[in-house]
Q: 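Structure provided below as structure tokens; questions to follow.
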Amino acid sequence: LGMAAPAALQRSVVSPAGRHTASLIFLHGSGDTGQGARAWIKQILNQDMAFQHIKVIYPTAPARPYTPMKGAFSNVWFDRYKICNDCPEHIESIDSMCRGLTDLINDEVKNGIAKNRILIGGFSMGGGMAMHLAFRFHQDLAGVFALSSFLNKDSAVYQALKRNESALPELFQCHGTADELVLYSWGEETNKMLKSLGVSASLHTFPNLNHELNRTEIEKLKSWIVKKLPVEASKAN
């Protein structure tokens, strides 16, 4: 019978105020939910991160046994052998989640949104997941963002980009220098590595910021989002 199709991911959605012409997918950090990530951003901004023309989708990772928590179930995008940048990636779980997230992207395309009008990114593990998804499987997306995220030293992303010939989505990266969980140096190394492989990548540094989000960072991200997904001029008939 083969593999059962993965169940559609649960999602929390902020609808655009006006006509929907672009979509943004925000992937939460490990152990969180789409609802939780949305509420966290809402708390920081005192309102939802919302746009005139962009639909914001916060999916929830399905619960799975998570090795860094001794196999306890957690809402994580993929498994990890441990949280470090020089251990191998758990590629089976990464690839299986890439399939589930591809379904989410395809839902937007079915709604009439072109791939180059879709952005994907996230916080921590969510940003790592987004980089795998965009740079390995969906190089025609509008862009990728990674907040307090990293890729392992010999990531499958780097292997894929070494063989790549096509244009790549731009990367917007943010990282706090006081991050004790995902070290700033891991984020910096990821940025340098991707740049060396042809990705147009920026890295915004936040002094004294730990493994968290802050308002300045989200405002910067919002400006970048609108730059990558501008309001389309209304079609003249």
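No experiment lies behind these values; they were computed from the predicted model shown.
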Q: What residues form a side-chain contact (heavy atoms from CB on, under 4.5 Å) with T216, not counting sequence neighbours?
A: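 side-chain contact (heavy atoms from CB on, under 4.5 Å) check on T216 returns F206, N214.
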Q: Verify side chain to side chain contact (heavy atoms under 4.5 Å, CB included) between L141 and N116, making sure each step is shown before the conclusion.
A: CA-CA 5 Å; L141 290 170; N116 66 1; over 6 Å; no
Q: With sequence neighbours left out, write down each residue that passes side chain to side chain donor-acceptor pair (under 3.5 Å) with E89, or none if nothing qualifies.
A: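 E89: side chain to side chain donor-acceptor pair (under 3.5 Å) contacts with H132, S155.
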Q: Please enumerate all residues that pass ring pair (Phe, Tyr, Trp, His ring centres under 6.0 Å) together with F172, with sequence neighbours excluded.
A: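 With sequence neighbours excluded, F172 shows a ring pair (Phe, Tyr, Trp, His ring centres under 6.0 Å) to H204, W224, given in chain and number order.
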Q: Measure across P169 and V144 and return the closest heavy-atom pair with its distance rounded to 0.1 Å.
A: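 Minimum heavy-atom separation between P169 and V144: CB-CG2, 4.0 Å.
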Q: Do the side chains of W186 and D86 get nearer than 4.5 Å, heavy atoms only?
A: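 Side chain of D86 against side chain of W186, heavy atoms only: no contact under 4.5 Å found.
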Q: So, using side-chain contact (heavy atoms from CB on, under 4.5 Å) as the criterion, who are the partners of A17 when residues are at least two apart?
A: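 If we apply the side-chain contact (heavy atoms from CB on, under 4.5 Å) test to A17, skipping adjacent residues, the hits are Q52.
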Q: Can T102 and H138 be counted as having a side-chain donor-acceptor contact under 3.5 angstrom?
A: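 Yes - a donor-acceptor pair under 3.5 Å links their side chains.
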Q: What do you reckon, are the aromatic ring centroids of F145 and F26 less than 6.0 Å apart?
A: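 Distance test on ring centres: under 6.0 Å, yes.
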Q: Can you pull the side-chain hydrogen bond (donor to acceptor under 3.5 Å, both in side chains) pairs that have at least one residue in residues 42-51, sequence neighbours excluded?
A: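 Of all non-adjacent pairs touching residues 42-51, those that pass side-chain hydrogen bond (donor to acceptor under 3.5 Å, both in side chains) are R38-D48.
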Q: Hydrophobic cluster membership, with links at side-chain heavy-atom distances under 4.5 Å among I/L/V/M/F/W/Y: are V14 and L221 in one?
A: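 Yes; tracing contacts between hydrophobic side chains, which count when under 4.5 Å, links both residues.
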Q: Does either side chain, that of Q139 or that of S166, offer a donor lying less than 3.5 Å from an acceptor on the other one?
A: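 Per modelled atom types, Q139 and S166 side chains form a pair under 3.5 Å.
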Q: Minimum heavy-atom separation for F137 and C98, please, with both atom names.
A: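 Nearest heavy atoms, F137 then C98: CE1-SG, 3.5 Å.
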Q: Does K55 form a side chain to side chain contact (heavy atoms under 4.5 Å, CB included) with N111? I'd like the steps, not just the answer.
A: CA-CA 11 Å; K55 172 177 166 186; N111 287 332; 3.9 Å; yes
Q: For D154, check side chain to side chain donor-acceptor pair (under 3.5 Å) against everything at least two apart and list the hits.
A: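 By the side chain to side chain donor-acceptor pair (under 3.5 Å) rule, D154 matches no residue at all.
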Q: Please find the pair of heavy atoms, one from L229 and one from I118, that lie closest to each other, and give the distance.
A: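 Of all heavy-atom pairs spanning L229 and I118, the closest is CD2-N, 4.1 Å.
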Q: Tell me, please, which residues at least two apart from A39 pass side-chain contact (heavy atoms from CB on, under 4.5 Å).
A: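 Partners of A39 under the side-chain contact (heavy atoms from CB on, under 4.5 Å) test: none.
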Q: So which heavy atom on N208 is nearest to which on A178, and how close?
A: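 Nearest pair, atom of N208 first, then A178: C-CB, 3.7 Å.
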Q: Closest heavy-atom contact between T177 and P207?
A: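 Result for this residue pair: OG1-CA, 3.3 Å.
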Q: Evaluate D79 against T67 for side-chain hydrogen bond (donor to acceptor under 3.5 Å, both in side chains), listing each step before the verdict.
A: CA-CA 7 Å; D79 198 8; T67 304; 2.7 Å; yes
Q: Tell me, please, whether F51 has K222 positioned over its six-membered ring: NZ or CZ under 6.0 Å from the ring centre and within 45 degrees of its axis?
A: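 Pair K222/F51 counts as cation-pi.
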Q: So, do H175 and L183 sit near enough that their side-chain heavy atoms are less than 4.5 Å apart?
A: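 The answer is no, as the side chains (C-beta and beyond) never meet within the 4.5 Å cut-off.
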Q: Within the structure provided, determine whether V231 and T21 are in side-chain contact (heavy-atom separation under 4.5 Å).
A: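 Result no, sub-4.5 Å side-chain heavy-atom pair not found.
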Q: Going by the rule salt bridge (Lys or Arg N to Asp or Glu O under 4.0 Å), which residues pair with R80 if we only count those two or more places apart in sequence or in a different chain?
A: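 With sequence neighbours excluded, R80 shows a salt bridge (Lys or Arg N to Asp or Glu O under 4.0 Å) to no residue whatsoever.
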Q: Any ion pair linking R117 and E108 (charged N to carboxylate O, less than 4.0 Å)?
A: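 So E108 does not pair with R117 through a salt bridge.
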Q: Can you list everything that forms a salt bridge (Lys or Arg N to Asp or Glu O under 4.0 Å) with R215? Sequence neighbours excluded, please.
A: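 Listed in chain order: E219.
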Q: Of all residues at least two apart in sequence or in a different chain, which pass the side chain to side chain donor-acceptor pair (under 3.5 Å) check with D95?
A: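 Side chain to side chain donor-acceptor pair (under 3.5 Å) check on D95 returns R136.
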Q: Please determine whether residues F123 and I25 belong to a single hydrophobic cluster, defined as Ile, Leu, Val, Met, Phe, Trp and Tyr linked transitively by side-chain heavy-atom distances below 4.5 Å.
A: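 No.
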Q: Can you find a heavy atom in the side chain of R64 that is under 4.5 Å from one in the side chain of F78?
A: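 In short, these two side chains do not touch, never coming nearer than 4.5 Å.
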Q: Let me know which of H211, E212, H28 forms a side-chain hydrogen bond (donor to acceptor under 3.5 Å, both in side chains) with S124.
A: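 Option passing the side-chain hydrogen bond (donor to acceptor under 3.5 Å, both in side chains) with S124: H211.
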Q: For residues H90 and Y81, establish whether the separation of their ring centroids is below 6.0 Å.
A: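 Between H90 and Y81, the centre distance is under 6.0 Å.
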Q: Do M97 and M129 have side-chain heavy atoms sitting under 4.5 Å apart?
A: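 Sidechains of M129 and M97: in contact.
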Q: Could you pull out all residues at least two apart from T190 that satisfy side-chain contact (heavy atoms from CB on, under 4.5 Å)?
A: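 T190 satisfies side-chain contact (heavy atoms from CB on, under 4.5 Å) with M131, F150, L151, Y158, Q173, L194 only.
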Q: Give the minimum heavy-atom separation between A134 and I120, together with the two atoms involved.
A: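 Closest pair (atom of A134, atom of I120, distance): CB-CG2, 4.3 Å.
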Q: Only pairs at least two apart or in different chains count here, so list each side-chain hydrogen bond (donor to acceptor under 3.5 Å, both in side chains) that has a residue in residues 140-151.
A: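 Applying side-chain hydrogen bond (donor to acceptor under 3.5 Å, both in side chains) to every pair that reaches into residues 140-151, excluding sequence neighbours, yields K115-D140.
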